Amino acid sequence: MATCISMKIYCAASFVSRNRIRPFRDALWHMGHEVTSSWLDEVAQPANMTHNEFFKKLAMKDVSELMQADLVIVDVLEPSSSGGRDTELGLALGSFAKKQVYLVGPAVSVFHQLVDQQFDSWEECLTAIPNLTTKG
């Protein structure tokens with residue numbers, strides 16, 4: 001049986017799903033992993049920053065946090081109107097052997113076929129994570 005190595009994990013999902021995703025993030029923390037997805041607790045736009053400046057800073061932060069991760073979990077259980085999670089999936093897949101990529105929900109895109117594992121639910125995904133080791 002493989003030993004679980006503490007990993008950095010990025011959770012990608014539709015922004016409107018953040019309240020639903022937070023308990024799963026918390027479960028990952030309790031399993032000893034670091035969750036790098038600060039977007040789950042995003043703050044409001046500062047008054048001194050334009051909408052475009054704010055979104056640019058958010059995107060740069062999200063890319064940085066995703067690139068730090070060993071595992072990226074992409075939730076497709078709810079529709080996304082912004083396309084952010086799809087961009088994050090592309091970045092994760094473009095990292096090749098540097099990260100594992102998991103999909104929670106049905107594979108609905110040709111690119112979803114490229115993930116390392118697909119799960120029907122977060123509960124299934126969380127059950128699989130303790131047996132992981134990071135790619136080196």
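Below, all heavy atoms of this structure are taken into account, side chains as well, without hydrogens, waters or symmetry copies. Remember, it's a predicted structure, so these values are computed and weren't measured experimentally.
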- Message: On a heavy-atom basis, which atom in Gly83 and which in Ser80 lie closest, and how many Å separate them?
- Response: N-OG, 3.4 Å

- Message: Side chains of Ser6 and Glu34: any donor to acceptor distance under 3.5 Å?
- Response: no

- Message: Please say yes or no: joined through hydrophobic side-chain contacts below 4.5 Å, possibly via intermediate residues, are Val63 and Leu40 part of one cluster?
- Response: yes

- Taking the side chain as C-beta and beyond, is there a heavy-atom pair between Leu28 and Ile73 under 4.5 Å? yes

- Note on the structure: Minimal heavy-atom distance between Ala27 and Leu126, with the atoms involved, is CB-CD1, 3.9 Å

- Got a donor-acceptor contact below 3.5 angstrom from the His33 side chain to the Met7 backbone? yes

- Message: Quick one about Ser14 and Glu78 (side-chain donor to acceptor, distance below 3.5 Å, no hydrogens or angles considered), yes or no?
- Response: no

- Is the backbone N or O of Glu123 less than 3.5 Å from a side-chain atom of Thr127, with the two atoms forming a donor-acceptor pair by type? yes

- Query: Sequence neighbours excluded, which residues qualify as salt bridge (Lys or Arg N to Asp or Glu O under 4.0 Å) partners of Glu124?
  - Reply: none

- Query: Roughly how far, to the nearest 0.5 Å, is the NE2 atom of His112 from the CG atom of Leu93?
  - Reply: 8.5 Å

- Ionic contact status for Glu42 with Lys61, cut-off 4.0 Å: yes

- Query: When you measure from the side chain of Ser109 to the backbone N and O of Phe111, does any donor-acceptor pair fall under 3.5 Å?
  - Reply: yes

- Do Tyr102 and Gln117 have side-chain N/O donor and acceptor atoms under 3.5 Å apart? yes

- Query: Do Val110 and Leu103 belong together in a cluster built from hydrophobic side chains that touch within less than 4.5 Å?
  - Reply: yes

- Query: Met31, Val72: one ILVMFWY side-chain cluster at the under-4.5 Å cut-off?
  - Reply: yes

- Between Pro106 and Val76, is any pair of side-chain heavy atoms under 4.5 Å apart? yes

- Heavy-atom donor-acceptor pair, Lys99 side chain to Ala69 backbone, under 3.5 Å: yes

- Query: Side-chain contact, heavy-atom cut-off 4.5 Å: Leu89 with Val101?
  - Reply: yes

- Message: Just so I know, are the side chains of Ser82 and Phe15 near enough to count as touching, which here means a heavy-atom distance under 4.5 Å?
- Response: no

- Message: Between Lys57 and Met49, does the side-chain contact (heavy atoms from CB on, under 4.5 Å) criterion hold? Intermediate values first, please.
- Response: CA-CA 10 Å; Lys57 295 211 180 277; Met49 197 178 288; 4.1 Å; yes

- Considering non-hydrogen atoms only, spot the tightest contact between Asp116 and Gln100 and give its length. OD2-CA, 3.1 Å

- Message: Which residues pass the side-chain hydrogen bond (donor to acceptor under 3.5 Å, both in side chains) test with Asp75, not counting sequence neighbours?
- Response: Arg20, Trp122

- Answer yes or no: is there a side-chain heavy-atom contact under 4.5 Å between Asp26 and Val35? no

- Message: Distance to the ring centre below 6.0 angstrom and angle to the axis at most 45 degrees; does that hold for Arg22 and Phe24?
- Response: no

- Note on the structure: In short, Leu77 meets Gly105 closest at the heavy-atom pair CD2-CA, 3.5 Å

- Message: Among Asp70, Leu71, Thr36, exactly one meets side chain to side chain contact (heavy atoms under 4.5 Å, CB included) together with Ile9. Which residue is that?
- Response: Leu71

- Query: Under a single-linkage definition using a 4.5 Å side-chain heavy-atom cutoff for Ile, Leu, Val, Met, Phe, Trp and Tyr, are Met67 and Leu58 assigned to the same hydrophobic cluster?
  - Reply: no

- Under the salt bridge (Lys or Arg N to Asp or Glu O under 4.0 Å) test, residues paired with Arg25 that sit two or more places apart: Asp41

- Does Asp62 offer a backbone N or O that forms a donor-acceptor pair with the side chain of Glu65 under 3.5 Å? no

- Message: Can you confirm whether Gln45 sits close enough to His51 that some side-chain heavy atom of one is under 4.5 Å from a side-chain heavy atom of the other?
- Response: yes

- Flag the pair Val74 / Glu88 as yes when at least one side-chain heavy-atom distance between them is below 4.5 Å, and no otherwise. no

